[in-house]
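Below is one structure, written out as structure tokens, with a few remarks after it.
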Amino acid sequence: MTLITKKATINNNEHIVLLCTKNYNFNNNGFSKSEIEFIKNELSKNDKKHIFINQYNRCVFIQIIEDKKEKHLTIDGLRRAANTIHTNIVESKLTSINIVDAENKSSETLAFAEGLALSNYQFLKYKKDKKKEEYSLKAIGIHSKNCSQNQIDELQIIVNATSISRTLVNEPVNFLNATQLAKEFQKLGKEADFGVEVFNKAKIKALKMGGLLSVNLGSQEPPTFSIMEYKPKNAKNKQPIVLVGKGVVYDTGGLSLKPTPNSMDMMKCDMAGAAAVGGTMYAIAKAKLPVHVIGIVPATDNRPGENAYVPGDVINMYNGMTVEMLNADAEGRMILADALAYAQKYKPQLVIDLATLTGAAVAAIGTSGIVAMGTADEKTKNKLKESGYNTFERIAEMPFWDDYDELIKSDIADMKNIGGPYAGSITAGKFLQRYINYPWMHLDIAGPAFLTAKDAYRTKGGTGVGVRLLFDFLKNN
Ligand code: BES
Ligand code: ZN
Ligand code: ZN
């Protein structure tokens, strides 16, 4: 993982990125006359935002901070700009780079460092010749008066946690089955110091978690139900905040089988909600945030094995309700329902679930943001949206009107697991709502969880979406 440190001094043989506005006075910074001429030319005539100067004993990149129409756009512009410079850094085979905060702009500097570190993520576990493909960059220094040691330590934690979450998503199911996912949470708990309890299939059966068990019927691998808990002595909340993550380690669609191209072939990502919950638990525990948080992950693969549940089956859920299962590919809501009902026992202040739940969410807003809905109060919703802008894991709230409840009515059971042809992400949310009795937000991350092409610092494959968002939210509330 990329090391991020605070640096009091930078020697003149160390590579730097000078972060400044276009009005910066380049005269007093050891640049030669011809270099200053070059810089001015690039800025005025060519309107450049990145300038590269190859000095005798070091590389100097100049990154211009541009004011966009809103602060969060300026900040994300810098994360994205860092990705462009990252390409130059690794092409030049540099092993370290130092960001010089020339005009005391600490949030811009941290955002740039964040974009650079997130761009440096790679998943090379299964490559024979790792060394050949590995990026050269190993260390990022931050030279800044206003960035505190604490902020830099926190940035390191957030980047590490996002990388952990990305890797969990990128791992294929032939390594990361439900049992392995639970083991990964146990490892994270040991490393960051939070508690992890894992229910095995026998315990899940004893608890009568019919939603999770029914999805698991077509699989050769047992399900797991993981409960993570971080409870510091100085927690500010009396009732816990509960995070629930969809842990479908692979979604074939079950008997309602998915087609392969651009559909089933990506479905190792169907535990991205679980990965976000694990990554967030890791980050808040490492950073020792004063907040009591519980993370719950129901996990299984969804397969069309011999014994698989069939459309038309009626399932007895954990909370005693019945579901007429009419599409085996709407499995996420089946397992989440049990987890959300289980969460009631904690009398939570707030529950947030994260799930790659519906193709309809992708159809609605693409990969740019998170589709959200829920019953939390306006203040909580606004805080969550604010964190969405802070981290650029933006949130689009859907209507959650009673009308949609009609669409999941069943003739023979308490509800069915599909709605009509429209508003698919909302009817999925409406299904989940039947299992809660507390303030709740549902985040459908089907769009941004997994990218088929990189988008600047959001690398191809798992993005780790949710970790930065929830960390920011839990820290500021
Ligand atoms: N895991 C999928 C949703 C998904 C789609 C995630 C694209 C990531 C990218 C989910 O289990 C699913 O298959 N949902 C169905 C529900 C439908 C059958 C009611 C869908 O959205 O098509
Ligand atoms: Zn599905
Ligand atoms: Zn799914």
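Residue numbers start at 1 and run along the sequence shown. Note: hydrogens, waters and symmetry copies are ignored here, and every other heavy atom, side chains too, is used. Start at 1 and go down the list; that is how both ligands and their atoms are numbered.
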Centroid-centroid distance, Y135 to H86, less than 6.0 Å: yes
Atom name of the N, O or S atom in D251 that lies nearest to the Zn ion (ligand 3): OD2
Ligand-residue contact atoms, ligand 1 with A446, heavy atoms, under 4.0 Å: 6 (C), 8 (C), 9 (C)
Ring geometry between H442 and W440 (parallel below 30°, tilted from 30 to 60°, perpendicular above 60°): parallel
Closest approach to the Zn ion (ligand 3) by D270, given as the N, O or S atom name: OD2
Residues E154, K475: salt bridge by 4.0 Å N-O rule: yes
Contact partition for K246 relative to ligand 1, non-hydrogen atoms under 4.0 Å: side chain
For atom 20 (C) of ligand 1, the protein heavy atom that lies nearest, with its residue and separation: G359 N, 3.8 Å
Ligand 1 atoms in contact with K258 (distance to a heavy atom under 4.0 Å): 2 (C), 12 (C), 13 (O)
Donor on one side chain, acceptor on other, T356 and D270, under 3.5 Å: yes
Lys/Arg N to Asp/Glu carboxylate O, E406 vs K430, below 4.0 Å: no
Residues D455 and R80 bridged, charged N to O under 4.0 Å: yes
Face-on cation placement of K347 at Y438 ring, 6.0 Å and 45° thresholds: no
Donor-acceptor pair between T260 and D265 side chains, under 3.5 angstrom: no
Atom indices of ligand 1 within 4.0 angstrom of R333 heavy atoms, with elements: 16 (C), 19 (C)
Atoms in ligand 1 flagged as close to N327, the criterion being non-hydrogen separation under 4.0 Å: 18 (C)
Carboxylate-amine/guanidinium proximity below 4.0 Å for E114 and R468: yes
Atom indices of ligand 1 within 4.0 angstrom of E331 heavy atoms, with elements: 11 (O)
Ligand-side contact atoms (ligand 1) for residue partner I418, heavy atom cut-off under 4.0 Å: 19 (C)
Residue and atom name of the nearest protein heavy atom (relative to atom 2 (C) of ligand 1), distance in Å to one decimal: D251 OD2, 3.6 Å
K246 backbone or side-chain N/O/S under 2.8 Å from the Zn ion (ligand 3): yes
Aromatic plane relationship, F199 with Y342 - under 30° parallel, 30 to 60° tilted, over 60° perpendicular: perpendicular
Region of L357 that comes within reach of ligand 1 [heavy atoms, distance under 4.0 Å]: backbone
Per-atom contacts of ligand 1 with T356, taking only distances under 4.0 Å to non-hydrogen atoms: 1 (N), 2 (C), 3 (C), 6 (C)
Salt bridge present between K246 and D353 (N-O < 4.0 angstrom): no
Heteroatom of E331 nearest to the Zn ion (ligand 3) (N, O or S, atom name): OE2
K381 with E397: basic N within carboxylate O range, under 4.0 Å: yes
Close N or O approach (T358, ligand 1; < 3.5 Å): no
Identified side-chain hydrogen bond (donor to acceptor under 3.5 Å, both in side chains) partner of Y121 from the options T459, T167, T2, T162: T167
Mode of M264 contact toward ligand 1 - side chain, backbone, both, neither (heavy atoms, under 4.0 Å): neither
N, O or S of D329 under 2.8 Å from the Zn ion (ligand 2): yes
Protein contact to atom 7 (C) of ligand 1 [nearest heavy atom, distance to 0.1 Å]: M267 CE, 3.7 Å
Location of contacts on M266 toward ligand 1, heavy atoms closer than 4.0 Å: neither
Nearest non-hydrogen protein atom, atom 12 (C) of ligand 1: D329 O, 3.2 Å
